[in-house]
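Proteins come first, then strands; the chains are lettered A, B, ... in the order of their sequence lines, and each starts at number 1.
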2 protein chains.
Amino acid sequence: MADRTARTTSHRAAPAHTHPDDVPLQTALAALADPVRLQLVRELAGSADWTRACGSFDVPVQKAALSHHFSVLRQAGIVEQRDAGPKRVNRLRREEFDARFPGLLDLVLRQDPLDR
Amino acid sequence: MADRTARTTSHRAAPAHTHPDDVPLQTALAALADPVRLQLVRELAGSADWTRACGSFDVPVQKAALSHHFSVLRQAGIVEQRDAGPKRVNRLRREEFDARFPGLLDLVLRQDPLDR
DNA sequence: AGGAGTGTATGATGTTCATCGAACACCAGG
DNA sequence: CCTGGTGTTCGATGAACATCATACACTCCT
């Protein structure tokens with residue numbers, strides 16, 4: 001009790017993250033080998049950090065599945081999340097992920113003729 | 001008829017290949033997001049072209065599964081196969097695949113601390 | 001305190017995929 | 001022509017996964 005001095009907000013459990021350095025290559029590849037997650041990453045790359053809440057993405061799944069996909073991306077070290085009031089805002093871990101898997105994000109973010 | 005000038009050998013059905021240029025990114029990522037296939041690619045990268053038959057790889061699966069994995073790698077534009085007598089020898093499509101997905105093979109072939 | 005908005009957890013369902021065993025096809029050599 | 005070696009196909013099985021609907025938790029605002 002009485003420790004609310006330094007509290008920002010949120011008594012919510014912080015989401016479980018994994019640093020890219022602790023992510024096996026297979027996990028990273030598997031995380032990106034999904035159309036929904038690929039779209040999330042691409043949309044996220046086009047927005048400034050911490051400006052996009054989970055629900056703000058244009059993906060054809062319900063919010064339960066969406067939550068699952070963000071969990072996968074978190075544990076693959078691709079996105080970082082932070083609670084901002086009732087929303088949970090996202091950031092693409094560009095530098096850290098790029099240091100661990102050089103070129104992979106570039107590859108994913110480069111729009112290709114065959115992708116849809 | 002009468003086109004056997006250029007015949008090497010083999011009346012076997014040629015294996016179905018896909019050129020890397022016709023491979024969606026997702027397919028490439030999914031093909032590499034498997035431990036057995038990853039090992040196949042890595043072993044193959046350490047051998048000269050057309051020197052390794054399918055059965056010569058040290059992977060913990062039976063030949064039926066092995067055949068399946070090679071089929072996946074073929075259709076992802078990662079390996080090329082050719083019949084040589086009773087064996088089917090392989091080649092990593094390094095240049096073509098690299099032109100389509102720059103950096104991806106480098107990433108996969110770079111031995112990482114977390115991989116096993 | 002209540003209510004709207006946002007995200008997570010749980011349980012169920014359907015699909016995809018890796019795997020195996022067995023049968024089959026093909027090649028080379030005796 | 002049979003036989004050993006090599007790879008593919010087929011059917012079946014089990015595991016992993018994407019998805020949904022529902023219920024729950026938390027935050028902010030009134």
In terms of side-chain heavy atoms of B/Val61, which of C/dT10, C/dA18, C/dT19 is nearest? C/dT19
Let's go through B/Arg42 and B/Leu109 carefully: what are the C-alpha distance in whole Å and the side-chain angles of both, what is the deciding distance for side chain to side chain contact (heavy atoms under 4.5 Å, CB included) to 0.1 Å, and is it a yes or a no? CA-CA 6 Å; B/Arg42 284 173 172 155; B/Leu109 298 179; 4.1 Å; yes
Under a single-linkage definition using a 4.5 Å side-chain heavy-atom cutoff for Ile, Leu, Val, Met, Phe, Trp and Tyr, are B/Val36 and B/Val72 assigned to the same hydrophobic cluster? no
Which whole-number value in Å describes the distance from B/Asp83 CG to C/dA28 C1'? 13 Å
Is B/Asp21 salt-bridged to B/Arg100, cutoff N-O under 4.0 Å? no
In whole Å, what is the span from the CG atom of B/Leu66 to the P atom of C/dG21? 14 Å
B/Arg88 CZ to C/dC26 P, straight-line distance once rounded to whole Å: 11 Å
Nearest-nucleotide pick for B/Ala65, side chain only, options being D/dC28, D/dA23, C/dT19: C/dT19
Which one, D/dT8, D/dT9, C/dA18, comes nearest to the side chain of B/Ala64? D/dT9
Nucleic acid contacts of residues 44-58 of chain B, taken as heavy-atom distances under 4.0 Å to DNA chain C: none
So do the side chains of A/Glu80 and A/Pro15 get within less than 4.5 Å of each other, counting heavy atoms only? no
Choose from D/dC20, C/dC20, C/dG7 the nucleotide whose nearest atom is closest to any side-chain atom of A/Gln62. D/dC20
Yes or no on side-chain hydrogen bond (donor to acceptor under 3.5 Å, both in side chains) for B/His69 and B/Arg37, after CA distance, side-chain angles and deciding distance? CA-CA 6 Å; B/His69 285 303; B/Arg37 290 192 288 264; 3.1 Å; yes
Among D/dA18, D/dA21, C/dG21, find the nucleotide with the atom closest to the side chain of A/His68. D/dA18
Residue B/Ser67, side-chain atoms from C-beta onward, closest of C/dA18, D/dT9, C/dT6: D/dT9
Of the listed D/dT9, C/dT19, C/dT8, the closest approach to the A/Gln81 side chain comes from C/dT8
Compare side-chain N and O positions of A/Arg82 against OP1 and OP2 of C/dG7 and report whether any pair is under 4.0 Å apart. no
To the nearest angstrom, the CD-C1' distance between B/Gln26 and C/dT16 comes to 14 Å
Which of these, B/Arg93, B/Arg91, B/Arg82, sits in a salt bridge (Lys or Arg N to Asp or Glu O under 4.0 Å) with B/Asp49? B/Arg91
Taking only side-chain N and O atoms of A/Arg12, does any of them lie within less than 4.0 angstrom of OP1 or OP2 on D/dA25? no
For B/Lys87, report the nucleic acid contact type (base, sugar-phosphate, nothing); a contact means any heavy atom under 4.0 Å. sugar-phosphate
Side-chain N,O (A/His69) to OP1/OP2 (D/dT19) below 4.0 Å: yes
Rounded to whole angstrom units, what separation is found between the NZ atom of A/Lys63 and the C1' atom of C/dA9? 12 Å
Return no unless some side-chain N or O of B/Arg37 is found under 4.0 Å from OP1 or OP2 of C/dA18. yes
